[in-house]
Amino acid sequence: MSTLPKQNALGFFEIRLESIGGLGANLAGKMLAETGAIELGLNAANFSSYGSEKKGTPVKTFVRFCDPEVEIRDHSPIEEPHVVAVFHEALYKTVNVVSGLPLDGVVLINTTRDFDEVRADLKLEYGTIALVDAMGIAVEEKTKVNTSMLGALFRICDFLDPEAMRAVIRRTFEKKYPHLVEPNLRTFDRGYNEVKFKTYEAPEGTAVKPFKRAQSMLGYRTQLPGGLIAAQANSILKDLSGSRAGMIPVYDADTCISCAACDNVCPDYCFVWEPAEDKRGRVQQFLRGIDYQYCKGCLKCIDACPTDALKSTREEVGYAEQHRVAQVFI
Amino acid sequence: MAISENELTKALPAEQVTYFESGNEMAATAAAQINYHIMGYFPITPSTEVAQYLDQMKARGQHDIQLIAADGEHGSAGICYGAALAGARVVNATSSQGFLYMLEQLPTQSGTRFPMVLNLVTRAVSGPLDIRGDHSDLYYALNTGWVILTASTPQAVYDMNIIALKVAEHSKVRLPVIVAYDGFFTSHQKRKVQYFKDNETVRNFVGPNPNPGYPNVSDPAHPVTIGAHMGGDDLLNNHYQLSEALYAAEEVYEEVVREYALLSGREYKVLDLYRMEDAEVAVFLLNSAAESAKDTVDALRAKGIKAGLIRPNIIRPFPAEQLREALKHVKALLVGERADSYGAEGGNLTHEIRSALQVDPENETVVLSRVFGLGGKDFYADDAQAFFQLAIEAAELGYAAKPFDYHGYYPGEEKNTLQPVMEPPHGDAFKTGLIQVTQNEETGLLKVKLPPLRQLTAKPHRLAPGHGACPGCGALSALELFFKGIEGDMVVLFQTGCAYVVTASYPYSSHKQTFVHNLFQNGAATVAGMVDAFYELKRRGEIEVADDLTFVMVSGDGGMDIGMGATVGAALRNHKMIILEYDNEGYMNTGSQLSYSTPIGHMTSTSGVGKAQKGKKGHHKDTAQILAACNIPYVFTAAESNPQDLLQKAAKAQWYANNVGTAYGKILCACPLNWKSPDDNGTELVKAAVDSCFFPLYEIEQGITSLTYNPELKNKRIPVTDWLKGMGKTKHLLGDAELLQDFEAEIERRWTRLKLRSENALL
């Protein structure tokens with residue numbers, strides 16, 4: 001049986017997965033918890049931050065482990081996790097992913113960048129950072145990013161036996177998709193083996209990142225009665241760039257014929273138009289570019305484009321900010 | 001009729017297996033092991049998974065329950081009632097609005113005394129809509145005459161489902177039973193759970209179906225009349241019988257749980273009394289919050305405070321006597337309730353506890369009441385501590401400083417008040433003058449002149465970006481494309497569904513013009529009221545607004561199932577409005593359950609594919625033809641793959657809605673997530689659906705059918721397999737010649753008939 005290295009006041013070892021819908025964090029959390037509970041003799045609970053969220057929006061998945069004789073009665077979200085796993089780097093623009101991390105906590109990040117860059121972005125002064133290119137592994141093995149993240153998580157949770165997880169992977173795929181067993185085992189193993197660690201010692205007197213329980217923006221004095229919203233279209237204040245899972249459309253004005261085929265199919269209303277005179281001096285609408293703040297990277301526009309004006313590329317950090325053409329809302 | 005109770009099994013502990021599952025999985029597992037005859041269900045979060053798990057098990061051949069996808073919860077309750085009348089064993093699951101929609105049926109079922117089991121996965125009741133858990137739906141159940149059991153953990157969900165059936169069918173009870181458990185907290189949280197290894201263990205415990213021994217409709221040799229109407233004398237006597245049977249359920253429950261404890265090792269006493277032996281202060285809570293608060297009781301006990309907790313396992317009948325006993329020496333009790341009885345100085349259970357204590361002249365317990373955790377607002381240890389602190393203060397004072405209050409509300413900060421982000425465009429801003437609709441004087445039919453679509457990019461979008469739809473959503477692109485064809489101001493109502501949820505998530509709105517949501521069986525009626533009120537206000541000169549304000553009711557295909565009645569009603573009355581359906585072939589908002597528009601063989605979360613089942617049974621609903629039969633002036637179908645065609649139809653729909661009456665349109669939209677297709681492929685997929693003649697583009701204007709795009713004439717017709725191969729939900733169809741042929745034949749039949757209609761104005 002597994003022995004938990006640390007426990008909080010209620011006897012729990014706690015893990016929080018920070019992800020966007022569609023990357024499989026929910027399933028990863030379930031498999032992690034189930035392996036601990038069924039294969040390794042621990043008690044466990046697993047749940048997610050449910051709402052009406054769709055694919056691409058931020059989600060949290062929680063795993064609690066404890067000794068088998070401990071009863072899990074708490075239902076509240078995990079605020080001070082021993083381990084945080086971040087499935088998607090773009091999240092830390094909008095979510096405080098390391099909130100509540102204790103001094104000896106571990107934060108696992110799916111990234112291709114190095115320790116100091118990641119640490120600077122997280123504004124983390126202490127704790128252990130674990131890095132793995134989970135997306136890269138998944139792309140190479142043609143599998144899912146959650147499996148490589150699980151590999152890294154098993155390395156971090158060294159009280160769990162990775163062999164048990166391998167058995168679960170085999171069982172999950174061998175009946176229906178036998179050809180996926182080996183790539184998934186390889187993905188898991190690569191996550192397990194390729195994760196790198198660096199510990200930052202907390203200077204004397206460093207305060208733990210306090211967990212801030214989110215409170216909604218409005219209260220009973222500031223809500224309009226009946227839940228009405230008078231600030232129409234205020235969703236333009238949102239930044240949806242975190243919904244992109246890696247790819248981004250790139251616009252080339254030179255080959256664009258401003259036919260609006262892209263605009264007709266874009267679910268996120270990202271195309272920015274301007275009137276200008278055409279060669280014959282007539283005022284016409286011209287496509288000026290893409291407002292990446294709202295682009296979720298679906299790439300429908302590229303399929304729709306009859307020329308080469310729209311192409312897709314793997315998104316690099318900073319590209320969208322540099323090339324964004326902001327919409328002017330009237 | 002002589003009924004012998006199923007023999008009390010000399011229950012011995014039975015072999016159990018350990019799994020890691022959620023409350024919904026456990027409800028489904030119990031139902032499968034019991035092997036009910038019928039489940040008539042309708043999707044609603046968070047209870048839908050019960051039907052989904054049962055469908056998955058059915059596809060694998062693990063049970064024989066007939067899962068009937070109803071047209072709405074009212075229909076699902078009717079199906080369940082009908083099945084119970086036939087003497088079948090019946091199960092169902094619902095939540096929130098679904099429960100309220102079926103509410104009308106519930107007293108009928110208890111009043112006529114037909115048992116069944118309903119899982120109520122508790123969730124906040126609208127409005128405003130909130131999909132997460134509280135007990136406001138459960139409180140509507142209190143007066144239905146159903147037995148109500150409460151299950152506080154996934155394990156209890158399983159156990160209570162087995163116990164419930166035995167209580168329901170008991171000769172002293174013969175009443176339907178609700179098993180209530182917390183939405184998400186219990187329904188979706190995965191825990192270590194045990195269930196009986198052998199289905200026979202469960203079937204032996206519940207015993208053979210006793211219902212054929214009672215009057216039912218399945219026995220022509222003993223015909224009966226069910227549901228005769230009564231006068232007051234008779235009704236009072238009937239209800240007295242019911243009341244007696246409901247009280248008898250407590251004793252029967254105690255008997256059944258004792259027996260069950262021998263079998264399972266788990267006991268569910270009427271009251272779960274946690275450290276109550278010598279408690280001076282206590283908190284009363286239902287379900288999951290009560291489990292959480294036990295940790296707080298332990299923490300207070302460690303500090304020497306005599307704290308305890310009461311959690312009932314059954315609330316109908318209300319365990320008044322046992323509560324009186326438990327509270328004899330308690331100085332102060334705080335009743336925490338996840339629902340209010342507005343204006344009554346406390347939720348329902350507060351008053352039931354107070355009235356239980358009132359008949360004990362010796363009792364001096366101070367009872368406080370707090371409404372908390374509404375809409376799934378989390379309940380933390382510090383909330384439980386606050387409750388105990390209030391009880392401690394009241395115990396010290398000997399009275400409650402504030403007997404009733406809400407817990408967890410806050411005023412908000414002035415600086416966070418929502419500010420306008422733009423001057424909302426209206427009127428001329430949406431009038432390009434580029435779309436011209438003219439009526440042919442001879443035929444009366446419309447002609448639309450459209451500019452190149454490039455020019456329409458000058459018109460502001462009706463919807464704002466920043467909404468939360470999935471990447472590649474086909475509904476949000478198609479709706480905006482349709483709105484491009486509307487000139488001038490609009491008022492839209494979106495029925496419940498993806499497009500609503502992602503564009504109006506408080507405190508954000510993605511609507512530039514006025515937007516309303518209403519529950520998705522009633523949108524058409526609501527807009528009918530709106531539009532007629534608008535014209536009446538105008539007629540009386542009370543408002544001055546241009547005539548071309550266009551009212552649009554937007555619905556998914558699911559909303560056209562549950563909302564068909566209201567839609568047909570509005571169409572028959574011919575209100576001046578557009579009814580626009582975005583059809584993505586399923587209830588995608590709740591996780592891809594089948595709708596009647598799901599084509600045959602297509603895989604959804606309630607039409608799984610396995611050795612015992614091949615996706616959806618039966619062909620897709622032809623909603624456009626149903627609306628055509630209402631003889632409204634304009635009906636059309638459209639897809640974003642043919643944008644000019646779509647915009648022309650939008651312009652015609654607007655003209656008819658402004659000048660004549662109801663226009664209806666159906667737009668086929670891709671759902672990459674649930675069609676299991678790439679995010680970038682939606683437009684191509686709907687194009688393939690159009691070119692294969694699965695989804696012909698046509699209109700019926702003043703009763704005359706025209707094909708607005710004929711792929712055959714353009715030499716573009718493709719086999720339907722070219723469409724199906726692009727989606728994960730239909731890949732299995734490619735290898736199933738028989739099913740495929742059935743589908744192709746139906747497509748051809750509908751297409752041929754449509755062509756004939758387009759060739760003859762009288763058809």
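Note that the structure is a prediction, hence the values are computed from the model and not measured. Below, read A as the first sequence line, B as the second, and so on, with proteins coming before strands; counting in each chain starts at 1. Keep in mind that the numbers below use all heavy atoms, side chains included, and drop hydrogens, waters and symmetry copies.
- A salt bridge links D679(B) and K55(A); the closest N-O separation between the charged side-chain nitrogens and carboxylate oxygens is under 4.0 Å.
- Most heavy-atom pairs under 4.5 Å with chain A: of the set T457(B), L481(B), T417(B), this distinction falls to T457(B).
- Looking at L453(B), both its backbone and its side chain come within 4.5 Å of chain A, counting heavy atoms on both sides.
- The contact between L418(B) and chain A is made by backbone and side chain atoms together, counting heavy-atom distances below 4.5 Å.
- The two residues F20(B) and A37(A) make their nearest non-hydrogen contact at CD1-CB, 3.7 Å.
- For a residue to count as touching a neighbouring chain, one of its non-hydrogen atoms must lie under 4.5 Å from one of that chain's; by this rule T590(B) does not touch chain A.
- The CZ atom of R73(A) sits 4.5 Å away from the CG atom of D298(B) when rounded to the nearest 0.5 Å.
- Interface summary for chain B: among E79(A), R244(A), M247(A), the most heavy-atom pairs under 4.5 angstrom belong to E79(A).
- Rounding to the nearest 0.5 Å places CD of E684(B) at 11.0 Å from NZ of K300(A).
- The most heavy-atom pairs under 4.5 Å with chain A, out of V421(B), L456(B), T503(B), come from V421(B).
- In terms of heavy-atom proximity, L476(B) sits nearest to Y269(A) at O-OH, 2.7 Å.
- Cation-pi contact between R221(A) and Y410(B): absent, since separation from the ring centre below 6.0 Å together with deviation from the ring axis within 45° is not met.
- Between the CD atom of E413(B) and the CG atom of L218(A) there is a distance of 11.0 Å, given to the nearest 0.5 Å.
- Contacts of P507(B) with chain A are made by both backbone and side-chain atoms, with heavy-atom separations under 4.5 Å.
- Heavy atoms closer than 4.5 Å to chain A are found in the side chain of D378(B), but not in its backbone.
- Using a 4.5 Å cut-off between heavy atoms, A304(A) does not touch chain B at all.
- Interface residue Q455(B): backbone and side-chain heavy atoms are both found under 4.5 Å from chain A.
- Proximity to chain B (any heavy atom under 4.5 Å) is shown, for Q293(A), by neither the backbone nor the side chain.
- A distance of 8.5 Å separates SG of C66(A) from NZ of K192(B), quoted to the nearest 0.5 Å.
- With a threshold of 4.5 angstrom between heavy atoms, L463(B) approaches chain A through its backbone and through its side chain.
- When heavy atoms are compared at a cutoff of 4.5 Å, S48(A) does not approach chain B at all.
- With a 4.5 Å cut-off on non-hydrogen atoms, Q223(A) touches chain B through its backbone and its side chain both.
- Counting heavy-atom pairs closer than 4.5 Å to chain A, the top residue among P411(B), S152(B), P46(B), G472(B) is P411(B).
- In terms of heavy-atom pairs under 4.5 angstrom with chain B, the leader among Q285(A), K30(A), K238(A) is Q285(A).
- Checking side-chain atoms of K190(B) against main-chain N and O of A44(A) turns up no donor-acceptor pair under 3.5 Å.
- No side-chain heavy atom of S477(B) sits under 4.5 Å from any side-chain heavy atom of N264(A).
- Separation of atoms CG (D268(A)) and NE2 (H467(B)) is listed at 4.0 Å; rounding is to 0.5 Å.
- In this structure, chain B has no heavy atom under 4.5 Å from any part of I20(A).
- What you find for A260(A) and R454(B) is that their closest heavy atoms are CB-CA, 3.9 Å.
- Using a 4.5 Å cut-off between heavy atoms, L10(A) touches chain B through its side chain atoms alone.
- Here the straight-line distance linking atom CD of Q232(A) with atom OG of S510(B) works out to 9.5 Å at 0.5 Å rounding.
- Contacts between H461(B) and chain A at a heavy-atom distance below 4.5 Å involve the side chain alone, from C-beta outward.
- Looking at L287(A), neither its backbone nor its side chain comes within 4.5 Å of chain B, counting heavy atoms on both sides.
- For L240(A), the part lying near chain B is the side chain, with the backbone staying farther off; criterion is any non-hydrogen pair under 4.5 Å.
- Looking at I229(A) and H511(B), their side chains never come closer than 4.5 Å, going by heavy atoms from C-beta outward.
- Considering every non-hydrogen atom in both C470(B) and K54(A), the closest pair reads SG-CB, 3.5 Å.
- Highest contact tally toward chain A, considering only Q419(B), M588(B), E640(B), is held by E640(B) [criterion: heavy-atom pairs under 4.5 Å].
- Per-residue heavy-atom pair counts under 4.5 Å with chain B were compared for S216(A), A45(A), A233(A), and the maximum is reached by A233(A).
- Considering only heavy-atom pairs separated by less than 4.5 Å from chain B, the leading option among F47(A), Y294(A), Y220(A) is Y220(A).
- Heavy atoms of D182(B) lying under 4.5 Å from chain A are absent altogether.
- Among G22(A), G21(A), P77(A), A245(A), the residue making the largest number of heavy-atom pairs under 4.5 Å with chain B is P77(A).
- By the 6.0 Å contact criterion, CD on E69(A) is enclosed, its count of non-hydrogen atoms from other residues, nucleotides or ligands being greater than 12.
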Next item on the list: Output, in order, the C-alpha distance, side-chain angles, deciding distance and verdict of side chain to side chain contact (heavy atoms under 4.5 Å, CB included) for D382(B) and R213(A).
Entry: CA-CA 12 Å; D382(B) 42 72; R213(A) 201 175 284 169; 3.0 Å; yes

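- Scanning both residues, P465(B) and Q327(A), for their nearest heavy atoms gives CG-NE2, 3.7 Å.
- Remark: Y19(B) OH is loosely packed, at most 12 non-hydrogen atoms of other residues, nucleotides or ligands lying under 6.0 Å away.
- Only the side chain of P643(B) comes within less than 4.5 Å of a heavy atom in chain A; its backbone stays farther off.
- Chain B forms more heavy-atom pairs under 4.5 Å with one residue of L299(A), L228(A), L224(A), I236(A) than with any other, namely I236(A).
- When all heavy atoms of K296(A) and G468(B) are compared, the pair lying nearest together is NZ-C, 3.8 Å.
- A salt bridge does not link K687(B) with D303(A): every distance from a Lys NZ or Arg NE/NH1/NH2 to an Asp or Glu carboxylate oxygen is 4.0 Å or more.
- Counting heavy atoms from C-beta outward, Q215(A) and N416(B) have side chains that stay 4.5 Å or more apart.
- For the options A289(B), P128(B), A469(B), heavy-atom pairs under 4.5 Å to chain A are most numerous at A469(B).
- Q513(B) touches chain A through its backbone: at least one of N, CA, C or O sits under 4.5 Å from a heavy atom, while the side chain does not.
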